[in-house]
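Written below as structure tokens is the structure these notes are about.
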2 protein chains.
Amino acid sequence: MSGGETRDKLVQEGLRLLLREGYSATGVKAVVDAAGVPKGSFYHFFPQGKEGFAAEVIELYAAHATRVRKELLLDSRRPPLERLRSYFEHYVEHFRVLGFKEGCLLGNLSAEVSDMSEGIRARLDAAFSAWESDVARVVAEAMERGDLEPRVSPAHIARHLINGWEGALLRMKSEKTQAALEEFLIVTFEVLLAPRKAGA
Amino acid sequence: MSGGETRDKLVQEGLRLLLREGYSATGVKAVVDAAGVPKGSFYHFFPQGKEGFAAEVIELYAAHATRVRKELLLDSRRPPLERLRSYFEHYVEHFRVLGFKEGCLLGNLSAEVSDMSEGIRARLDAAFSAWESDVARVVAEAMERGDLEPRVSPAHIARHLINGWEGALLRMKSEKTQAALEEFLIVTFEVLLAPRKAGA
């Protein structure tokens with residue numbers, strides 16, 4: 001493997017382990033063993049150790065999430081609320097296939113690590129902000145088209161949706177069913193973002 | 001200390017540590033050191049080790065949460081939606097005092113441990129269910145009084161509220177501000193649970 005390939009392999013295995021085991025339970029040894037590289041390689045690429053490494057893993061995860069949003073959420077040929085629904089439905093299917101495990105790396109590390117590492121907290125905050133900004137764009141579009149009553153700002157709605165989704169993922173993990181995710185869709189699209197009633 | 005006092009002290013210190021550090025980062029040694037008791041005491045009271053111990057800590061946390069709900073949420077002398085709001089506002093103040101750290105033990109352990117321990121997962125599930133059931137009672141009361149339009153079931157609304165709150169706590173931890181909690185209150189009470197409009 002070239003240096004770049006070794007580094008990529010470490011970050012990819014780190015992502016897999018952090019999603020499965022969490023931050024504290026993932027040791028550097030487990031990461032290098034999974035990547036099949038000597039421990040020295042890890043500290044060559046990540047001299048700051050596990051904390052800096054986890055920040056890179058968050059970057060990889062956030063970059064992937066950004067691509068999914070670009071594809072499913074920001075395709076302006078479809079009506080905004082329809083895109084928003086497809087976007088969340090895509091992830092319901094993703095977690096069904098995974099057996100309702102793992103959840104969202106951003107939420108998991110917010111719970112476990114954001115009080116302990118300022119570096120990781122700042123990366124999580126940035127990844128959430130980018131996500132919120134994309135969802136707010138779609139909500140604003142729905143309001144501009146008159147599909148949604150502008151009772152509170154698009155940013156408030158976007159943050160509320162993302163937080164509701166993150167909480168539903170926690171409940172999914174504790175129930176090991178898709179009930180919380182389905183209820184998120186029902187309450188979000190039948191109540192919170194329900195279309196304006198004619199004459200109301 | 002008597003045996004019962006030692007056991008209680010271990011569980012109390014365990015709660016403090018699990019909230020601050022998470023599950024994997026909290027060793028048995030840290031718990032016995034914090035409680036000032038020999039390590040043998042821990043295994044005397046918790047022969048199943050850390051996993052069984054954590055289940056007891058969840059019980060203590062859930063019992064406290066149940067008392068708070070009884071006091072703030074289920075006092076039938078006040079209108080249901082007013083109680084629901086006071087209940088969440090009580091916790092906004094709690095987390096403000098804590099510096100937006102820790103969050104909810106149930107959510108944190110759902111994120112970190114529910115894929116790894118079936119025993120802990122089941123305790124978390126039970127604690128969430130009891131919480132959902134209390135909140136659903138208040139939502140049902142609001143619907144019966146006509147304060148809230150019965151568009152979806154009280155149980156769906158209750159679960160959505162709790163998950164939204166849990167997600168807002170994750171965002172609070174990654175932002176270290178109360179913005180996500182305040183927005184949860186705004187969107188919940190001005191949109192999701194907004195009173196029926198006259199004539200609508």
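Being a predicted model, the structure only gives us computed values, none of them experimental.
Taking hydrophobic clusters as Ile, Leu, Val, Met, Phe, Trp and Tyr residues chained together by side-chain heavy-atom distances below 4.5 Å, A:L170 does not share a cluster with A:I186. If you chain together hydrophobic residues whose side chains sit under 4.5 Å apart, A:W131 and A:L169 fall into the same group. The hydrophobic clustering, which links ILVMFWY residues whose side-chain heavy atoms are closer than 4.5 Å, places B:V191 and B:L181 together.
Once rounded to the nearest 0.5 Å, the distance linking CD of B:E21 with CE of A:M116 reads 6.0 Å.
Between A:K176 and B:S114, the shortest heavy-atom contact is NZ-O, 3.7 Å. When every heavy atom of A:N163 is checked against every heavy atom of B:A180, the shortest pair comes out as ND2-CB, 3.8 Å. Shown here for A:G167 and B:E166, the closest heavy-atom pair between the two residues is CA-CB, 4.3 Å. Minimum heavy-atom separation, B:R121 to A:S174: NH1-O, 2.7 Å.
Proximity of B:L192 to A:V187: side-chain heavy atoms (C-beta onward) are separated by under 4.5 Å at one or more points.
Taking a 6.0 Å sphere around CZ of B:R137, one finds it holds 12 or fewer heavy atoms contributed by other residues, nucleotides or ligands. By the 6.0 Å contact criterion, NE2 on A:H64 is open, its count of non-hydrogen atoms from other residues, nucleotides or ligands being 12 or less.
Note on B:H156, B:E183, B:R171: by heavy-atom pairs under 4.5 Å with chain A, the leading option is B:R171. Between chain A and the options B:A155, B:S24, B:G22, heavy-atom pairs under 4.5 Å are most frequent for B:S24.
The contact between A:A179 and chain B is made by backbone and side chain atoms together, counting heavy-atom distances below 4.5 Å. Proximity to chain B is absent for every atom of A:E118, based on heavy atoms less than 4.5 angstrom apart.
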Using side chain to side chain contact (heavy atoms under 4.5 Å, CB included), reason through A:D115 and B:K173 one step at a time and then give a plain yes or no. CA-CA 7 Å; A:D115 291 354; B:K173 291 185 76 170; 3.4 Å; yes

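Taking non-hydrogen atoms and a 4.5 Å limit, the residue list of residues 94-113 of chain B in contact with chain A, ordered by number, reads B:F100, B:K101, B:E102, B:G107, B:N108, B:S110, B:A111, B:E112.
Under the 30°/60° scheme for interplanar angles, the aromatic rings of B:H160 and A:H160 are found to be tilted.
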